[in-house]
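Notes follow once the structure below has been shown.
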There are 2 protein chains.
Amino acid sequence: MTRAKKRSDWHVSRSLDIWGDKWSLLIIRDLMTAKQCTYSDFLKSPKRIATNILASRLHVLEENKIIRKLEHPDSKAKVLYRLTRKGNDLLPVVIEINLWAEKYFPIPDELNL
Amino acid sequence: MTRAKKRSDWHVSRSLDIWGDKWSLLIIRDLMTAKQCTYSDFLKSPKRIATNILASRLHVLEENKIIRKLEHPDSKAKVLYRLTRKGNDLLPVVIEINLWAEKYFPIPDELNL
DNA sequence: CTTTGCACTTGCATATTGCAAGTAAATTTA
DNA sequence: TAAATTTACTTGCAATATGCAAGTGCAAAG
C-alpha cells in the first residue's frame, strides 16, 4: 500500500468517525441552506430524526467544531445552531454528493420536487 | 423550504441510504486506489471490518450497482470486486473529503504516513 | 401565576455492528 | 489422490447505536 493511499485512508476514516453516521451529514446539509436553525427546526425536517439522536449528534458536531451554538436574538429559551468555517468547508462534499445523486437517481415525478 | 433545498435533501438522503453507513465509503475508497480487490484483501485493510459486516455491505453495494463481482483470472475460489461507472463517479466525493480532512486533521508525525 | 413553547433527557424496544467460530467449495501440498 | 490449506462467505450471540414515547426544567406569554 502506498503512502498516498494510507494518508487518504486515514483522512477518510477520520472524517467518517465524526460525521459518517446516518444523520450528521443531513444536519450539516440542513445548516448549509438554512444558515441557522433551532433545535426544533431540525426536528421539523422531512427526514424525521429522533430527538435524542439529534441531541447526541449536535453534541458530537459541536465538540468537533463543525457547528456552534449561538444565542437567539428573540429569546433565551431558543438556541441557534450554525456551521463554523470548518463545517462550511464541507460544502464541496455535499455538492459532489448532490451531483452524483442527480446523475443516478432521477426524482420520480410524483414527488413533485 | 425551497424546491432546490428539497431536491438536495432528497438527493443527499438517497445517497446516504446506500453508502452512508460506517463502512461503505471506506470499501469504495479502497477500490478506488486498488482498482480491484478480493474479499480477503478488504479484510486486510488497516481499519478492520468484521467479516459479516463486509459481506453485507458488499451485497448492498452490489445491489445498488456501485460495485460488481468478476471472476478471478487465477482461480475459481477467488472473486474480484470492482467499482462500476456509478461507483467510480463517487471519486469527486472522496476527493473532497480528503481535501477537507487534509485541511483540518494534520497527520501526527508518529503515524509516519 | 398558570399555561405554552423550547431544548433537551430518560427508559426501554428494536436494529445494527462486532466478535468468534464454523462451513463449503476450490486449490495446494504431501 | 487424500489431507491440509485457502477463499469467500454464514451463523450465533454479545455489545452498541438508533428509534419511540414520555417526561423535565427553564423562559416567555397570557
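Convention: sequence-line order gives letters A, B, ...; per-chain numbering from 1.
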Given [options], identify the nucleotide with an atom nearest to the side chain of [X].
{"X": "B/A77", "options": "C/dC8, C/dT27, D/dG19", "answer": "C/dT27"}
{"X": "B/W23", "options": "D/dA22, C/dT17, D/dA27", "answer": "C/dT17"}
{"X": "B/K22", "options": "C/dC8, C/dG18, C/dT10", "answer": "C/dG18"}
{"X": "A/K76", "options": "C/dT9, D/dT18, D/dA27", "answer": "D/dA27"}
{"X": "B/K78", "options": "D/dT18, C/dA7, D/dT7", "answer": "D/dT7"}
{"X": "A/S75", "options": "C/dC19, D/dA28, D/dC9", "answer": "D/dA28"}
{"X": "A/T51", "options": "C/dT10, D/dC9, C/dC8", "answer": "C/dC8"}
{"X": "A/V79", "options": "D/dG12, C/dA7, C/dT17", "answer": "C/dA7"}
{"X": "A/A55", "options": "C/dT9, C/dA7, C/dG18", "answer": "C/dT9"}
{"X": "B/I53", "options": "C/dT10, C/dT17, D/dT7", "answer": "C/dT17"}

Does [X] have a side-chain nitrogen or oxygen under 4.0 Å from the phosphate oxygens OP1 or OP2 of [N]?
{"X": "A/S40", "N": "C/dC6", "result": "no"}
{"X": "A/Y39", "N": "C/dT9", "result": "no"}
{"X": "B/Y81", "N": "D/dT7", "result": "no"}
{"X": "B/K69", "N": "D/dT7", "result": "no"}

Nucleotide [N], atom [atom2] - distance to [atom1] of [X] in whole Å:
{"X": "B/I27", "N": "C/dT17", "atom1": "CD1", "atom2": "C1'", "answer": "13 Å"}
{"X": "A/F42", "N": "C/dC6", "atom1": "CZ", "atom2": "P", "answer": "15 Å"}
{"X": "B/H72", "N": "C/dT28", "atom1": "NE2", "atom2": "C1'", "answer": "16 Å"}
{"X": "A/L54", "N": "C/dT9", "atom1": "CG", "atom2": "C1'", "answer": "13 Å"}
{"X": "A/L43", "N": "D/dA21", "atom1": "CG", "atom2": "C1'", "answer": "14 Å"}
{"X": "B/I49", "N": "C/dT16", "atom1": "CD1", "atom2": "C1'", "answer": "13 Å"}
{"X": "B/D21", "N": "C/dA15", "atom1": "CG", "atom2": "P", "answer": "18 Å"}
{"X": "B/H59", "N": "D/dC9", "atom1": "NE2", "atom2": "P", "answer": "11 Å"}

Taking all non-hydrogen atoms of both residues into account, name the closest pair between B/I18 and B/R57 and its distance.
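Heavy atoms of B/I18 and B/R57 come nearest at O-NH1, 4.5 Å.
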Please report the shortest heavy-atom distance between A/N88 and A/M32, naming the atom on each side.
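In this case the closest contact between A/N88 and A/M32 is O-CE, 4.2 Å.
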Hey, does the side-chain of B/N52 have a donor or acceptor N/O within less than 3.5 Å of a partner on the base of C/dC19?
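Yes, the side chain and the base share a sub-3.5 Å donor-acceptor pair.
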Basic-acidic side-chain contact under 4.0 Å: A/K47, B/D17
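Salt bridge flag = yes for B/D17 with A/K47.
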Quick one: on DNA chain D, does B/L80 or A/S56 contact a more 5' nucleotide (nearest heavy atom)?
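Mapping each residue to its closest nucleotide by heavy atoms, the 5'-most match is B/L80.
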Here's a test of your reading of the structure: between A/R48 and A/D74, which maps to the more 5' nucleotide of DNA chain D?
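This one resolves to A/R48.
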Taking the inter-plane angle between the rings of A/F105 and A/W100 on a 0 to 90° scale, is it parallel (under 30°), tilted (30 to 60°) or perpendicular (over 60°)?
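If you compare the ring of A/F105 with that of A/W100, the planes turn out perpendicular.
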Co-membership, hydrophobic cluster, residues A/W10 and B/L91, 4.5 Å side-chain
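Yes.
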Answer yes or no: is there a side-chain heavy-atom contact under 4.5 Å between A/L80 and A/P73?
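Yes, their side chains come closer than 4.5 Å.
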